[in-house]
Every structure is written in structure tokens, then in C-alpha cells.
K.L.:
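Got a structure for you, questions after.
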Amino acid sequence: MNTCVFIIFSLLLLCLESITSNQLVAAGGGDDNGVRNKCSDKERRALFDFKARLQDPDETLSTWRSEEKEDCCNWSGVTCNNQTGRVIVLNISSGGLEGEISNSLLNLSYLTHLDLFSNSFHGIIPTFIGFMTRLRYLHLGSNHLNGTIPMSIGSLRKLRHLDLSDNSHCGIIPLEFGNLTNLQVLNRGSLGKSIVWNLEWLSHLSHLEALEMDGISLAKKNYWIDVILRLQKLISLSLDGCEVSHVVYPYSSSFLNSSSSSIESLILSNNNLTTSMYLWLFRLTSNKLRILDLSGNILDGIPKYLGNLCNLERLYFYNNFDVVKFPDFLNNLSGCTSLTLQGLHVGHNRLIGTLSNETLRFKNLSILGMKSCNLGPHFPRWIQTLKNLSYLDIANNRISDTIALGFWDMWPSQLTYLNLSSNNISGKAPDLSSKCGYISMIDLSSNIFYGPITNVSSTLTSLHLSRNKFYGGISFLCQIDQGFLVVLDLSHNFLSGQIPDCLWHFKELKILNLEHNNLSGRLPTSVGSLIKLESLDLYKNNFSGELPLSLKSCTSLYSLNLGANKFSGNVPLWIGENLLKLYVLILRSNNFLGTIPLQLCQLEGIRILDLSVNNLHGTIPSCLDNLKSMVQEGFLPTHNVHSYTLKLFYSGGYHYGEHDDKYFDHAMIEWKGYERELISTLGLLKSIDLSSNNLTGPIPYEVTKLYGLHALNLSKNSLLGEIPETIGQMKQLETLDLSRNNLPGKMPSSMSSMNFLNHLDVPYNSLSGRIPSSTQLQSIEASRYYGNPRLGGPPLTKNCHGDDESEVPHVIGESEDRGEDMDELWGWFYIGGGTGFVTGFWIACGALLLNHRGRHAFFHFYDSFKDLVYVKVMVFFANLQRVEHR
């Protein structure tokens with residue numbers, strides 16, 4: 001009896017422990033102060049197997065190690081339950097991972113949160129996802145997934161958040177989606193043009209709060225409005241690019257009288273809506289609407305009935321009709337006694353009319369975006385009446401004026417974002433330090449500001465002061481000491497002095513552009529602390545000395561442009577050993593010496609390699625065919641666009657919001673004989689420039705394996721040996737410069753197949769023979785071939801030796817035979833003609849003088865002879881023409 005009681009009691013304890021454990025796991029946490037168990041061997045092996053099947057160029061999973069003592073709960077992106085040690089969260093978004101989603105994730109049987117957003121996963125969404133039934137959050141957006149969406153996702157009945165956006169799915173959305181009755185957020189936008197929506201299942205998702213249908217055509221699907229009206233808990237609806245303008249909906253009383261909509265955020269951008277078209281659609285909003293996006297349509301203003309949206313906080317109206325009457329626009333928004341509008345984005349519209357008292361109604365406005373609105377030529381002084389602004393963007397407005405008096409003192413604490421770029425605003429450099437509080441972004445680029453920069457805010461995340469007339473030193477950089485700085489662009493000014501050795505503050509810095517200034521001295525060793533740096537541009541300054549060894553720590557670099565300076569020493573080996581992400585390496589116009597390091601051949605992603613105008617000697621490395629990005633034809637993913645997120649702050653330093661922005665690399669490239677600045681197309685070019693050095697030896701044939709190369713410049717060296725015969729296989733080559741070398745021999749005949757070649761320079765070599773025939777080679781200017789005395793043929797005016805004989809092929813004995821034939825024919829012609837004349841003359845005369853019968857016989861003979869002569873003459877001329885055309 002006691003034994004039975006003990007067994008029953010033990011079983012009860014085990015059940016209680018199991019229930020408690022499951023509840024803790026389901027809740028995703030436990031007692032923070034409790035002792036957490038290590039993750040199980042099974043889950044650790046599952047995670048490591050997941051990693052083993054992926055490429056990880058950014059080393060996002062570097063903390064995932066296979067040692068048995070490793071606790072996977074300490075790995076990056078992994079979160080475990082505090083009590084049980086079970087893995088419940090796997091979050092490796094934006095990790096740069098490549099590969100397929102491994103079924104080893106099935107062994108994470110307690111996983112509730114899976115986030116693989118913004119990687120490079122490819123293939124289909126695996127069906128085993130449907131067996132991970134504890135999942136509440138699934139985010140697979142912004143990858144390269146394709147194929148149909150598996151029906152098994154409908155088995156994830158606990159799922160609350162689903163995001164499959166920005167992939168390339170096709171087929172029909174499974175009806176099983178209707179089983180996801182606990183779903184609160186569904187992001188289905190940008191799935192691909194071939195996706196087919198069946199909206200019947202949508203009406204079953206009664207708990208849905210946020211629905212994104214971006215990019216899905218709703219044309220000829222009028223019933224979708226009824227479906228959405230049934231979603232009583234829907235708060236956020238996004239219909240960006242859904243062809244809403246093609247929807248014709250009957251004005252049924254049930255629809256028009258609907259007032260139960262709870263939507264607070266409505267996105268209707270890029271739908272070709274007109275002002276008179278979308279009246280019915282606002283029945284979806286009622287007066288609860290807080291965010292409304294009408295950008296990218298063809299609206300010429302805001303209808304007056306929108307003035308009743310008294311809870312509206314943000315309105316996006318940019319990129320609409322060409323002309324908008326701005327005062328009327330604002331008046332139609334002010335129908336409420338207490339307007340709560342805080343954010344207004346109306347950029348890329350041509351606004352007309354003047355503003356005065358209208359802006360006083362918007363005293364709560366904190367965000368104002370009016371980029372490219374034609375506000376100039378005078379500075380809009382009414383902006384100073386908006387004393388609560390924290391975000392101001394009036395870039396590219398043709399303002400040719402000085403800053404309004406007191407402008408910089410208007411927002412002593414709350415301003416976080418200021419963009420005055422691409423105008424012609426003039427004035428002295430302002431004080432951008434404590435007066436701007438916790439400012440995150442300042443962009444004064446492309447104006448006429450001048451003077452020394454003395455003070456800046458310590459909390460900056462982005463500072464753009466390029467293309468002005470600032471001068472003096474840059475020691476002010478040491479004031480930016482909070483570690484938030486992501487972008488620093490001071491290019492195209494008159495700044496001088498050295499870079500201060502305080503760069504260790506900039507742990508988050510991605511972009512550093514100081515090109516086109518008068519900066520000098522050596523690079524500070526603290527440049528090696530910029531471990532997140534993606535682009536370093538010091539072009540056209542007076543920097544000198546050897547490159548600091550610490551620079552090799554900047555392993556995130558994609559673009560390194562040190563051209564037009566006075567750097568010296570050997571080209572460092574560590575560039576090819578450590579900076580493996582480089583796609584741009586520009587060291588031109590410096591004092592580098594020595595040979596070209598073989599280690600540069602390890603830069604498989606390099607697309608622009610410029611070592612020209614230095615003192616390099618030795619031969620061209622034959623390993624250049626290891627530069628894989630130049631071997632591959634066609635366009636590859638570009639790296640010249642750097643995306644980043646600015647964190648905005650209010651006074652007090654707490655997080656306010658985020659602003660996504662982009663920065664484009666640009667560089668001066670010698671292209672077709674001229675220096676050109678490439679910006680948007682920089683990442684598409686594939687170029688090698690080794691010109692103006694002291695290189696010797698032959699052109700290695702391995703160079704001709706760079707099938708994707710667009711430009712090759714080896715001019716002004718001392719190269720020897722013939723041009724490789726295989727050069728014709730470089731069919732993407734557009735510009736080729738081999739001038740001023742010692743290249744002998746003929747131009748390879750294979751060059752006639754280089755159909756894209758439109759800029760060729762080969763003067764001042766020792767080339768000989770005939771220029772190969774092709775439309776491209778003969779259309780190039782003759783001067784591009786000068787300085788090769790033994791080279792001839794079009795487009796050169798001189799012929800090659802033997803050109804006369806080659807132009808008309810010579811057949812032995814043909815001239816002699818043709819001459820003899822011609823003499824014989826003309827001899828018989830004269831003999832026959834003379835004999836015929838004499839004979840005919842006397843016969844005719846005798847017949848006419850003797851008798852009637854004679855005359856009759858004469859004329860009969862004459863007719864017969866005439867026919868005979870005609871036939872003989874025709875045969876003669878036929879033979880004559882045949883002989884002349886032999």
C-alpha cells in the first residue's frame with residue numbers, strides 16, 4: 001500500500017513539474033533571478049548543424065562553436081528559457097547569411113520566435129515549418145525565397161506574427177491560412193507579381209490587427225472591402241501599389257453606413273488615386289485615423305472632408321500632382337477646433353502660394369518634410385513660427401538666400417533632424433553644438449556656407465557638410481564623443497591640417513569621406529578602431545607617409561579610395577589578406593613603389609582596381625584571373641549603396657524614432673580617356689588601371705580570362721611581348737589602352753570579335769601588319785594607331801606591304817591568256833568586217849548595173865546576209881563580255 005502511494009505521489013510530482021515547465025516555456029521566460037540550465041546537447045547540435053549548412057561572410061555566427069562545453073544560450077541571436085535552458089528565440093536578422101533553411105531547426109522543439117529577416121536564404125519555404133507548432137512569431141521577409149507557400153503554415157495555430165514579404169513567391173495563397181485564427185500581424189507585401197490572392201480565408205482572421213497587402217493587385221476584386229470591414233480589430237492597413245484606383249465599388253447602404261472601423265493607420269500610396277476618386281474609401285477610416293499615407297498618387301490637394309479627421313497625427317502627401325496650392329491645402333486640414341497633426345510630409349510637389357497665418361494652426365507640428373517643393377528663392381521665414389519642430393527637411397528648394405536671423409536659436413533642445421542640402425544658402429558656419437540638443441542628423445551639403453567649423457553636437461549620427469566653402473582644421477571631430485556617428489562627409493571643401501587621433505570614438509562609423517580638401521600628414525593609428533567602416537574616401541588631399549598597419553583591422557571595408565595623395569612605401573600585403581570585402585581599391589597618383597603584391601589576387605569581389613601613376617615595377621601578376629567578380633559576365637549585386645538607420649533623440653536622450661537613409665559611393669575614374677565622376681553606376685563598372693608605372697614583361701594571357709571586364713588600361717609602361725591572341729574573348733571590354741609600351745607583332749585577329757570595344761589606344765608601340773577587319777576597329781580614329789610605323793590598313797591611310805596584290809587576287813597566266821583572247825577576237829572582227837564590206841559592195845553594184853533579175857537576187861541576198869551579220873555580231877559581243885568578266 002505504501003509503495004502504491006509513493007508511486008502515485010511521485011507521478012503527481014512529475015506531472016506537476018512537467019506542467020510548470022511547459023507553462024514557463026510557453027510564456028517564454030521564467031524567474032530572472034533563478035539559475036538557468038544549459039541548453040541541451042540536442043539543441044546545441046541542431047544549431048551548429050544549421051550554421052554548418054550556411055555561408056557566413058560577415059561572421060554573424062562566430063560565437064557558435066562546436067565544443068561540448070559550449071552553452072548555446074550564450075550564442076548571438078539565441079535566447080533560452082531562464083529555467084529550463086530550452087531555446088525559445090532564434091533571431092539572426094540582417095546577418096548576411098546565405099543558404100537554405102535547414103530541417104535541423106525541427107530539433108528546437110520549444111522555439112516560439114524565429115526571425116531570419118533580411119538575409120540571403122534561398123529555395124522554397126520548407127514544409128517542415130508547419131511542424132514547429134509552438135511558433136508565435138515567424139519572420140522570413142527580405143530573403144530570396146521562391147516557389148509556392150506551403151499549406152503546412154496553416155498548422156501554426158499559435159502564430160501571432162507572420163511576415164513573408166519581399167521574396168519571390170508564386171502560386172496561390174493556401175486556404176489553410178484561415179486556420180491562423182490567433183494571427184495579429186500579417187505582412188504579405190511584395191511577394192511577387194505571380195502570387196494569387198484568395199481573400200476568403202482572410203475573413204477568418206478575427207484577431208488580425210495589422211495587415212499589409214503591398215504590391216498585390218486588387219483590381220476587379222471589389223469584395224475585398226467587405227472582407228476588411230469584417231476585421232473588427234484591424235488597426236493598421238497598408239495597400240501600397242495595389243491598383244486601388246481600378247476598384248469600382250457599389251455605394252451599398254451597408255458599406256456607407258459602416259462606422260465600426262477601428263483603422264488608425266491607412267497606407268494608400270502609389271495607387272494612381274485622383275482627388276475625386278477615393279471619397280468612398282475614407283469610410284474605412286472614421287475619425288480614429290492617426291496616420292494617412294497618400295504619397296505617390298496624382299492628387300492636386302486634400303479634399304475638405306479630410307478636415308474632420310481630428311485625430312490625424314501624420315500625413316504623407318509627397319510625390320503627387322505637379323502643382324498644389326499650399327494655403328488651400330493646409331486650410332482643408334484645419335476643420336477641427338483642436339488639430340493634433342504632428343507630422344507632415346509633402347515633398348516632391350510644386351507648391352504655389354504664400355503662407356502666413358495658416359501655419360499658426362499647426363502649433364503642434366514637430367515633423368515637416370518639404371523636400372523639392374520649389375519654396376525659393378527666399379528662405380521660408382514662416383518656418384520659424386513652428387517652434388516645436390524636431391524634424392525639418394527643406395532640401396533642394398532653389399533657395400538662394402541667407403539663413404533667417406535667429407534661425408539657429410529657434411530649437412535649443414528638441415531638434416533632431418535638419419536637412420538644408422542642395423540649395424544656394426550662404427552664411428558663416430553656424431554653431432551646431434549644444435544649441436541643437438540631441439540632434440542626430442545635420443545635412444548642409446551643396447550650399448555656400450563658409451568659415452571654420454568650431455562646434456558640433458556630441459550626439460550626431462550623421463554629418464553632411466560637403467560641397468561648401470568651409471576651411472580650417474577638423475579638430476571639432478573630437479567633440480562627437482557619444483559613439484553614435486554613422487556617416488561623416490566633409491568632402492569638397494577647403495579644410496586643412498591633420499586628422500585628429502581621436503577616431504576611437506566612432507565605433508559605429510560606416511562612411512568617412514574627406515576627399516577634395518587640403519588635409520595633410522599621416523593617417524592616425526586610431527583609424528584602425530573603425531571596425532564597422534564600409535567606405536573610406538581620402539581622394540585628392542596631401543596625405544603622406546606609409547599606410548598605418550592598424551588600417552588592416554577595418555575588415556568591413558567595401559571601398560578604399562586613397563588616390564591623388566602622397567602616400568609612399570610598398571603597396572601593403574595586408575590589403576589583399578585582410579580587406580577581403582573590397583570592391584573598390586583606388587591607390588592612383590601616389591608614390592607607392594615595389595611590385596604589385598600577389599595577395600591582391602585574393603580580392604575576389606574587386607571590381608575597380610586602380611594602381612596607376614605610381615612607381616611600381618616588375619610584371620603584371622598572372623593570378624589576376626582569380627578576381628572572380630571580373631571573370632563573371634553581366635551585372636552583379638552592387639555594394640556602392642550603403643543603407644543605414646539614424647536613431648533620433650529628444651532632449652533627455654531617450655530614443656524617439658528612426659530614419660532610414662542611404663549613401664552612394666562615388667569615385668573619379670578614367671573612362672575612355674577622360675576623368676569622370678561615377679556615382680550611381682560605380683558599382684556596375686569593372687575596371688583595371690595599371691597605367692603610368694614601370695611595369696615590364698608580357699601581358700599575361702590570364703588577363704584575357706577576365707570576361708566581364710569593361711575597361712583595361714596598361715598604357716605608359718615598358719611592357720614587352722605580343723598582345724595575347726586570346727584577347728578577343730574579352731567580349732565585354734569597352735575601352736582598351738595599351739599605348740606607349742614596347743609591344744611587337746601583329747594585332748590579334750580575334751580582336752575583330754570584340755563588338756563592344758569603342759575606345760582603343762595602341763599608339764607608340766612596335767605593332768606591325770594589317771589592322772584586323774571589323775566594324776569596331778575601323779570606326780576608331782586613326783590617331784589611336786599612330787606611332788607604329790609597320791602597322792597599316794584602314795582606318796590608317798597607308799597600306800601594308802603587299803596590299804595591292806592582296807586586294808585583287810592574282811591567278812597565274814590569267815593576264816596573258818586574257819590578252820591573247822582579246823587580240824584574236826579583235827583581229828577576226830577587222831578581217832570579217834573588211835571582207836564583208838568589199839564583197840557586199842561589188843555584188844550590190846554588179847546586180848544593180850546588169851539586169852532586173854540581178855537586182856532581185858541582190859536584195860534577196862542582202863536580206864539573208866543582214867540576218868547572218870546580226871547573229872554573228874550578237875555572238876561576238878557575248879563572247880567579248882564573257883572574256884572581260886573572267
Side-chain angles (χ1 to χ4, degrees), residues 235-238 240 261-269 273 275 278-279 281-297 299-321 324-349 351-373 375 380-395 397 410-411 414-419 648 650-651 656-659:
I235 296 175
S236 176
L237 174 63
S238 181
D240 176 72
S261 173
S262 58
I263 294 179
E264 297 180 7
S265 174
L266 179 59
I267 311 299
L268 297 175
S269 52
L273 294 173
T275 306
Y278 57 93
L279 170 62
L281 198 52
F282 287 102
R283 293 290 181 177
L284 286 172
T285 63
S286 72
N287 61 358
K288 298 179 181 179
L289 195 66
R290 295 187 301 106
I291 299 174
L292 177 60
D293 189 345
L294 299 174
S295 59
N297 287 291
L299 308 172
D300 58 359
I302 289 293
K304 291 183 179 180
Y305 48 78
L306 278 187
N308 297 323
L309 300 176
C310 297
N311 291 310
L312 194 64
E313 295 179 2
R314 294 201 182 185
L315 175 62
Y316 299 89
F317 196 80
Y318 54 85
N319 219 6
N320 262 286
F321 200 79
V324 175
K325 294 182 179 179
F326 199 41
D328 295 340
F329 178 92
L330 295 178
N331 286 333
N332 290 344
L333 283 176
S334 56
C336 304
T337 55
S338 177
L339 190 64
T340 59
L341 192 67
Q342 298 176 9
L344 179 62
H345 286 268
V346 293
H348 298 279
N349 290 293
L351 304 178
I352 60 175
T354 57
L355 296 175
S356 55
N357 296 330
E358 289 84 357
T359 57
L360 298 178
R361 301 191 183 105
F362 299 92
K363 58 183 179 180
N364 294 319
L365 203 64
S366 61
I367 297 175
L368 179 61
M370 298 187 67
K371 185 176 183 178
S372 303
C373 284
L375 297 179
R381 302 181 188 277
W382 52 264
I383 288 179
Q384 292 179 239
T385 65
L386 306 174
K387 299 185 181 299
N388 291 317
L389 282 183
S390 62
Y391 179 107
L392 176 61
D393 185 353
I394 54 172
N397 271 291
M410 286 301 302
W411 307 284
Q414 76 272 15
L415 192 65
T416 63
Y417 183 99
L418 176 64
N419 191 347
L648 308 180
Y650 269 141
S651 58
Y656 164 62
E658 295 181 344
H659 176 82

K.L.:
For G347 and C373, work out which heavy atoms get closest and say how close.
P.N.:
CA-SG, 3.7 Å
K.L.:
Can you give me the closest heavy-atom contact between M370 and L375, atom names plus distance?
P.N.:
CE-CD2, 3.7 Å
K.L.:
Classify the ring geometry of Y318 against H345: parallel below 30°, tilted from 30° to 60°, perpendicular beyond 60°.
P.N.:
perpendicular
K.L.:
Find the distance between CD1 (I367) and CG (L315) and round it off to the nearest 0.5 Å.
P.N.:
12.0 Å
K.L.:
Nearest 0.5 Å please: distance from the CG atom of N320 over to the NE2 atom of H348.
P.N.:
12.0 Å
K.L.:
Which atom names give the shortest non-hydrogen contact between F317 and V346, and what distance separates them?
P.N.:
CB-CG1, 4.0 Å
K.L.:
Report the distance from atom CG of L292 to atom CG of L294, rounding to the nearest 0.5 Å.
P.N.:
4.0 Å
K.L.:
Output yes when a side-chain donor or acceptor of S269 lies under 3.5 Å from a complementary backbone atom of D240, and no otherwise.
P.N.:
no
K.L.:
Please assess Y316 against I291 for the test side-chain contact (heavy atoms from CB on, under 4.5 Å), listing each intermediate value before the final yes or no.
P.N.:
CA-CA 8 Å; Y316 299 89; I291 299 174; 4.0 Å; yes
K.L.:
Check whether any side-chain N or O of N388 sits under 3.5 Å from a backbone N or O of L365 as a donor-acceptor pair, and report yes or no.
P.N.:
no
K.L.:
About how many Å separate OG of S366 and CZ of R314, when rounded to the nearest 0.5 Å?
P.N.:
7.0 Å
K.L.:
Would you give the length of the straight line joining atom CD1 of I383 to atom CD1 of I394, rounded to the nearest 0.5 angstrom?
P.N.:
4.0 Å
K.L.:
Using distance alone, with no hydrogens and no angle criterion, decide if D293 and S295 have a side-chain donor and acceptor under 3.5 Å apart.
P.N.:
yes
K.L.:
Roughly how far, to the nearest 0.5 Å, is the CG atom of L266 from the CZ atom of R290?
P.N.:
12.5 Å
K.L.:
With distance as the sole test, does D393 use its side chain to make a donor-acceptor pair with the main-chain N or O of A395 at under 3.5 Å?
P.N.:
yes
